[in-house]
Amino acid sequence: MKLENFFTTTSIEGCVSSSAIKRILSSALEAANPADAVQRQLARAGDLLQFNGQEYPLRNFSAIYLISVGKAAISMADATSAVLGHYLSAGIVVLKKTGKQHLGDAQLGRGPAYLEKLIFLESSHPLPDKRSLEAGEKILDLLSKTTSDDLVIFLISGGGSALMTAPVDGVSLRDMEKLTSLLLGCGARIDEINTLRRSLDRVKGGGLARVAFPAQTISLLLSDVVDSPLEAIASGPTVPNPTTCADALAVLKKYDLLAQTPSAILEALQKKNDLESNEPFSEGNISVIGSNLISARAAQAQATSEGFDAHILTTSLQGEAAQVGRELGMMLSQNNFTKYGIRNISRPFCYILGGETTVTLGTATGYGGRNQELALAAVNDLADLRDVMLITLATDGEDGPTDAAGVVLTGESFVRAQELGLDVEAYLCEHNAYHFFDALDDLLKPGSTGTNVNDLTFFFGF
């Protein structure tokens with residue numbers, strides 16, 4: 001995934017360290033390459049499959065199934081299928097709708113024989129639709145046929161919560177669509193959204209593992225959740241649900257959504273039974289193979305090799321994007337990073353922050369994403385500053401609903417905005433960061449990266 005050539009903006013091209021910056025950004029994405037991550041942890045020697053310290057004699061299984069769901073579903077499925085070869089019996093791959101060309105060689109009729117054993121389903125993201133429902137039901141149907149003589153390999157990546165759904169009895173797909181829209185619009189954190197999803201969906205909160213029992217299971221997780229709690233990655237389809245319906249109701253109350261929430265959802269959550277099944281459950285063998293921290297460390301290593309004083313400040317960055325942007329902008333403008341333990345600043349530096357902020361939309365009709373809004377909120381603080389740069393990057397290459405991954409912001413961005421008559425506060429008020437930075441040619445557009453491990457923000461000082 002060599003992406004240096006895609007990191008081209010007016011601001012980067014005007015920097016003396018442009019080549020080094022591109023290599024640093026690219027290294028972060030390369031570390032999250034799903035296929036490479038699978039191959040680092042999953043291997044086969046003859047008929048012996050090795051994963052996470054355990055060995056599985058493949059000839060001893062009656063059938064070996066593969067379930068791959070998420071933005072990295074294709075890459076993870078391709079890599080795993082290549083390892084399994086002819087031992088693969090069948091499987092389902094559920095991916096975000098991106099076009100026929102992304103459905104894999106098997107769908108195009110020119111792939112290896114083992115890929116022909118997989119069913120590829122395009123689904124909907126970030127809001128679930130009837131395709132998400134179809135995917136959930138097909139997976140449940142396949143898993144319901146497994147026995148103790150079978151092995152199921154789950155490949156789970158970001159986006160899986162929306163791409164695959166099977167609402168509990170009494171709750172419709174339309175109910176879930178409305179709930180998801182409400183949660184996204186109010187600025188709820190991803191872990192809070194997943195608390196609702198786990199309580200209302202048969203495939204989440206360990207749902208797939210319960211249906212697959214008593215088959216042996218392996219789960220490879222590519223984390224798109226801050227700090228990578230297993231139950232939050234795609235709403236934890238193969239791990240126990242640590243939250244209850246009371247917790248889910250508390251999220252709705254926190255954001256004052258009870259009056260707008262469909263009555264069927266409230267009725268389901270208010271039942272004394274917390275809706276979790278008492279069926280037998282086995283977590284199996286689980287490993288996080290890619291995460292924000294892994295990518296941040298790769299970027300740090302590359303920055304160090306390029307001669308920067310490189311530090312990871314945090315990988316737990318959360319909060320309202322505009323508020324976080326103002327705080328980070330002030331931090332960079334004042335050369336004050338003591339909040340993150342940096343007291344002696346040595347230039348050139350590269351400080352890395354990871355996590356995921358949120359945007360509360362309200363009634364605004366602008367266009368943008370959380371990374372763009374974070375950068376927009378920092379524009380004024382960086383005004384006229386020399387030799388500094390702030391870069392925001394969504395690792396999936398798609399910041400919100402846009403075709404941009406983030407922004408490259410310098411002190412000159414403010415000057416160029418003034419020359420074009422662009423008012424920072426007006427664009428912030430309308431959550432219209434995309435059009436602001438598009439006019440400046442400061443947007444990063446590497447395209448879909450095929451992975452997703454949250455967002456990264458970089459401070460550069462030269």
Side-chain angles (χ1 to χ4, degrees), residues 34-35 37-38 41-42 49 51-52 56 58 61-84 87-96 103-104 106-107 114-123 125 128 131-147 149-166 197 201-224 230-231 233-239 281-290:
V38 167
Q41 298 224 20
L42 192 69
L49 185 69
F51 173 67
N52 201 27
Y56 302 83
L58 298 178
F61 294 104
S62 296
I64 298 173
Y65 299 105
L66 184 154
I67 303 295
S68 187
V69 183
K71 292 182 179 180
I74 283 289
S75 297
M76 294 178 76
D78 282 356
T80 303
S81 299
V83 172
L84 294 173
Y87 286 102
L88 176 63
S89 302
I92 297 174
V93 181
V94 185
L95 61 146
K96 180 179 177 180
L103 281 175
Q107 287 293 87
Y114 56 76
L115 281 180
E116 296 176 3
K117 298 177 181 179
L118 300 176
I119 296 173
F120 293 80
L121 301 174
E122 285 187 332
S123 192
H125 182 278
R131 293 167 298 177
S132 310
L133 185 61
E134 177 186 5
E137 295 296 346
K138 283 184 178 293
I139 291 172
L140 290 174
D141 181 62
L142 177 62
L143 295 179
S144 68
K145 300 172 183 175
T146 58
T147 71
D149 296 324
D150 298 331
L151 173 67
V152 182
I153 300 177
F154 293 102
L155 310 172
I156 309 298
S157 57
S161 293
L163 295 170
M164 167 187 65
T165 187
R197 287 166 165 167
D201 201 308
R202 291 176 289 135
V203 301
K204 299 175 174 63
L208 294 189
R210 279 192 292 271
V211 177
F213 186 86
Q216 291 192 53
T217 62
I218 289 174
S219 297
L220 287 75
L221 310 181
L222 191 75
S223 174
D224 68 332
L230 300 184
E231 73 277 359
I233 302 170
S235 302
T238 63
V239 299
F281 183 97
S282 175
E283 291 185 54
N285 191 352
I286 300 177
S287 179
V288 175
I289 65 172

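Just so it is clear, the values below take in all heavy atoms, side chains as well, and ignore hydrogens, waters and symmetry mates. Index from 1, following the sequence.
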(request) Please step through side chain to side chain contact (heavy atoms under 4.5 Å, CB included) for the pair Leu163 and Lys96, ending with a clear verdict. (result) CA-CA 7 Å; Leu163 295 170; Lys96 180 179 177 180; 4.2 Å; yes

(request) Just jot down the side-chain contact (heavy atoms from CB on, under 4.5 Å) partners of Ala72, sequence neighbours excluded, or say none. (result) Pro34, Met76, Ser157, Leu222

(message) So, taking the atom named CD1 in Ile92 and the one named CD1 in Ile139, what distance separates them when rounded to the nearest 0.5 Å?
(response) 5.5 Å

(message) If we ignore hydrogens and angles and just use 3.5 Å, is the side chain of Ser144 paired with the main-chain N or O of Asp141 as donor and acceptor?
(response) yes

(request) Please name the pair of heavy atoms, one in Pro128 and one in Thr165, separated by the smallest distance, quoted to 0.1 Å. (result) CB-CG2, 4.2 Å

(request) Specify the closest pair of heavy atoms between Leu118 and Ala77, including all atoms of both residues, with the distance to one decimal. (result) CD1-CB, 4.4 Å

(message) So which atom in Ala212 and which in Thr146 form the shortest heavy-atom distance, rounded to 0.1 Å?
(response) O-OG1, 3.0 Å

(request) Not counting sequence neighbours, list each pair that qualifies as a salt bridge (Lys or Arg N to Asp or Glu O under 4.0 Å) and has a residue in residues 61-72. (result) Lys71-Asp396

(message) Is any side-chain heavy atom of Leu155 closer than 4.5 Å to one of Leu221?
(response) no

(message) Quick check: closest heavy atoms across Ala234 and Ile156, and the distance to 0.1 Å?
(response) CB-CG2, 3.3 Å

(message) For Ser282 versus Thr217, what's the shortest heavy-atom pair and its separation?
(response) O-OG1, 4.1 Å

(request) Could you tell me the separation between the CG atom of Asn285 and the CG atom of Leu220, rounded to the nearest 0.5 Å? (result) 8.5 Å

(message) Does any part of the side chain of Leu143, heavy atoms only, come nearer than 4.5 Å to the side chain of Tyr65, both counted from C-beta?
(response) no

(request) Find out whether Val93 and Ser68 are in side-chain contact, i.e. whether some heavy atom of one side chain is under 4.5 Å from a heavy atom of the other. (result) yes

(message) Can you confirm whether Ser161 sits close enough to Lys204 that some side-chain heavy atom of one is under 4.5 Å from a side-chain heavy atom of the other?
(response) yes

(request) Provide the closest heavy-atom pair for Met164 versus Asp201 in the form atom of the first, atom of the second, distance. (result) O-OD2, 4.3 Å

(message) Applying side-chain contact (heavy atoms from CB on, under 4.5 Å), can you list everything that pairs with Leu49, at least two apart in sequence or on another chain?
(response) Leu42, Arg44, Tyr56, Leu58, Val83, Leu84, Leu151, Ile153, Ile218

(request) Go through the steps for Leu140 and Leu208 under the test side chain to side chain contact (heavy atoms under 4.5 Å, CB included), then give the verdict. (result) CA-CA 7 Å; Leu140 290 174; Leu208 294 189; 4.0 Å; yes

(request) To the nearest 0.5 Å, tell me how far Ile64 CD1 sits from Ser81 OG. (result) 11.5 Å

(request) Give a yes or no answer on whether the side chain of Arg197 reaches the backbone of Ala162 with a donor-acceptor pair at less than 3.5 Å. (result) no

(message) Can you tell me how far apart CZ (Phe51) and CD1 (Ile286) are? Round to the nearest 0.5 Å.
(response) 8.5 Å

(message) What's the separation between atom CG in Asp150 and atom OG in Ser89, rounded to the nearest 0.5 Å?
(response) 7.5 Å

(message) How long is the straight-line distance from CD of Gln216 back to OG1 of Thr147, given to the nearest 0.5 Å?
(response) 10.5 Å

(request) Return the set of residues passing side-chain contact (heavy atoms from CB on, under 4.5 Å) with Glu134 (not counting sequence neighbours), or none when no residue passes. (result) Lys138

(request) Please list, chain by chain and in numerical order, all residues satisfying salt bridge (Lys or Arg N to Asp or Glu O under 4.0 Å) with Glu137, sequence neighbours excluded. (result) Arg202

(request) Applying salt bridge (Lys or Arg N to Asp or Glu O under 4.0 Å), name anything that partners Asp149, two or more places apart in sequence or on another chain. (result) none

